[in-house]
Amino acid sequence: MEFVATGLRFNPHKAGLGSVNEEEATRVIVDTSKGTEFYKNEERKEKLLEKRITEVTELAGTLTEQDKERIEKLVDEQFIVSWEQERDFSRVIVHLDMDAFFASVEEIDQPSLKSLPMAVGSTSMLSTANYEARKYGVRSAMPGFIALKLCPQLVIVPPRFHRYCAISNQIASLLREFDSHVHMSMDEAYMDITEYLKTQSGTIDDVVSKIRQKVFENTGITCSAGVACNTMLAKIATDLNKPNGQTFVQPDTISIRNFLNPLSVRKIPGVGRVTEKLLSSLNIISIQDLISNRSILFHCMKRKTFKFLLQSALGIAPAFISDSESRKGMSRERTFKPTSSLEELRKICESVSELLSSDLEAEDLCAKTVTLKIKCSDFSIRTRGVTKCFFIYRYEQILENAWKLLLKELPVEIRLLGVRVNGLVPRSEVLTQRKNSLENFVSNTLKYKENNADLMYEKVKDFGSLAPTAWSLFRENRQQNEKEPEISSTGVCPVCLNFRSSNSCLLEKHVNFCIERQEHALKKIPTNSGKLKKPRI
DNA sequence: GGGACCTGGGTAC
DNA sequence: TTCCAGTACCCAGGTCCC
């Protein structure tokens, strides 16, 4: 077959796809995609990848045999020895993966689907496929219309996320019996059963079988499991015995090496098809190759990538996911028929911003950074971000920031619009901070603009639910003390709450700057009608 | 020189 | 008929500012 871009090749890395004719499936995908903007974009991406490959192979070519020996010694002494000393074999981690989860749920609810090739999703995109459909090369993240070419009798069922969530929650509560801190996403779970095992007489394999049996008896869903001393190994192990099976990796260096060495680098979670191709250009195909070519890895990769790849190859990873890990950002995006109409884009931007502000509201968060994402009609992606000097959460604030970023990109034909927020902080914390700064805000820092009621109104508005309080405090203060406007020595900027200074000139300068930024940002925002009426002074 | 920020890209599910 | 998603995280490289 002619040369095919990496992203267009049939991807066999999924349970149940082993028997598929890879070349034939790739041919169908290519024939269906050829000439489309998607195809052209894949070709563009492929060219960039080829460039990276040329650079990395040239770099590898500069190493002499003596260099390699020297670097190997350094890697062994400086890195591997200390990593090995820090290994933790003490935990027993179980990774559970529900077999073709969405499809299994649909089969339980409609048993007639069981014998048919079936996938959950739409003609645009599939979420998952049952094992019957996988025999034809149909898999998750495959467009439905291509899947139908591979398997014309495929039944595509629309997703019912509420139903999947309900069953996922049910499974999570079952698993809490074995680990009260279980980490459950929609269709997979990580458990630390070290403590639970101490209360049991059976082997690890017995206990894991019991867990899987319990899930099956209560939900009808089969699942696969991997058991090892850390989450990464457990996850790789799960993949080896799918569906409805389990794999245990003994917690010692030799067993771990024997388990990992023959596997493809692609089995490492975090190594996708691009990294796989990049590594294969360096003749690194298996995990064993990663270790034996550690000098090349050290020479050609960035430090973090080198560390990640070599540690993964050695089976070294954090034992478990920390409980304290919190969410870093949230986003919403929508794909639609490509358009450059300002009116249509505004409506989409409004609806995406509204969803995002509801998400922030639901988790009581506010954010510092707003990022706009657009996918143009040629499938190229642009992101544009802005970091504010104050926290935002209101729909209008998100919308106007995203919209301004979008206006700068026009004219352009767009097929996807997304908005993301980062720098998340609990809203209650910010409100408490604001509340604490209200006194300073009113009695000191803003005195110098006290006669400008309109400006004050705009300023106060940013206090959100505290705005009426801020306003009345301002008015009260204005009446009580009209003579001596002065800047407090306890200076916290009431606008951004980040800047602190005991230097009153500096503080005033900063507050002025912040207010101007705010006014600029607030200019086009409609007032919060009903909640805060503009008072007359 | 280092940190923060911005943008693009890779990956998982 | 349909014609490649949505959410989240991490890393790398560039720029700017102190």
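Chain A is the first sequence line, chain B the second, and so forth, proteins listed ahead of strands; every chain is numbered from 1.
Regarding A/Arg52, its CZ atom lies at a distance of 16 Å from the P atom of B/dG8, rounded to whole Å. Protein atom CD1 of A/Ile374 is 13 Å distant from nucleotide atom P of B/dG9, rounded to whole Å.
Taking the centre of each ring, A/His299 and A/Phe306 stay at or above the 6.0 Å mark. Between A/Tyr190 and A/His95, a ring centre-to-centre spacing shorter than 6.0 Å is recorded.
For the pair A/Thr383 and B/dC6, the criterion of a side-chain N or O lying under 4.0 Å from OP1 or OP2 is not met. An OP1 or OP2 oxygen of C/dC9 is reached within less than 4.0 angstrom by a side-chain nitrogen or oxygen of A/Arg420. Taking 4.0 angstrom as the limit, A/Arg266 places none of its side-chain polar atoms (N or O) nearer than this to OP1 or OP2 of B/dT11.
With salt bridges taken as basic N to acidic carboxylate O contacts below 4.0 Å, one links A/Arg346 and A/Glu400. Between A/Arg273 and A/Glu276 no salt bridge is recorded (no basic side-chain N to carboxylate O distance below 4.0 Å). Ion pairing between a basic and an acidic side chain is recognised when a charged N comes within 4.0 Å of a carboxylate O; A/Arg27 and A/Glu23 show no such pairing. Ion pairing between A/Glu42 and A/Lys45 holds under the 4.0 Å rule for side-chain N and carboxylate O.
Using cut-offs of 30° and 60° on the angle between ring planes, the pair A/Trp83 and A/Phe79 is tilted. Ring geometry, A/Phe38 versus A/Phe379: the interplanar angle exceeds 60°, so the pair is classed perpendicular (tilted spans 30 to 60°).
Cation-pi geometry between A/Arg334 and A/Phe336 is not met at under 6.0 angstrom from the ring centre and within 45 degrees of the axis.
When heavy atoms are screened at a 4.0 angstrom cut-off, A/Met186 is found touching no nucleic acid atom at all. Within 4.0 Å of A/Ser185, counting heavy atoms only, lies no atom of the nucleic acid at all.
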Q.
Within the 4.0 Å limit for protein heavy atoms, which parts of nucleotides 12-18 of chain C are touched? Write it as a string from 5' to 3', B for base, S for sugar-phosphate only, - for none.
A. SS-----
Q: Assign a letter to each nucleotide of nucleotides 1-6 of chain C from its 5' end: B, base within under 4.0 Å of a protein heavy atom; S, sugar-phosphate only; -, no contact.
A: -BBBBB
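Residue whose closest nucleotide on DNA chain B sits further toward the 5' end, between A/His95 and A/Lys45: A/Lys45.
Checking B/dG9, B/dG10, C/dT7 against every side-chain atom of A/Thr275, the shortest atom distance belongs to B/dG10.
Comparing the P positions of B/dA12 and C/dC4 gives an interatomic distance of 23 Å, to the nearest angstrom.
Pairing for C/dA5 is absent, judged as Watson-Crick or G-U wobble with the two contacts each under 3.5 Å.
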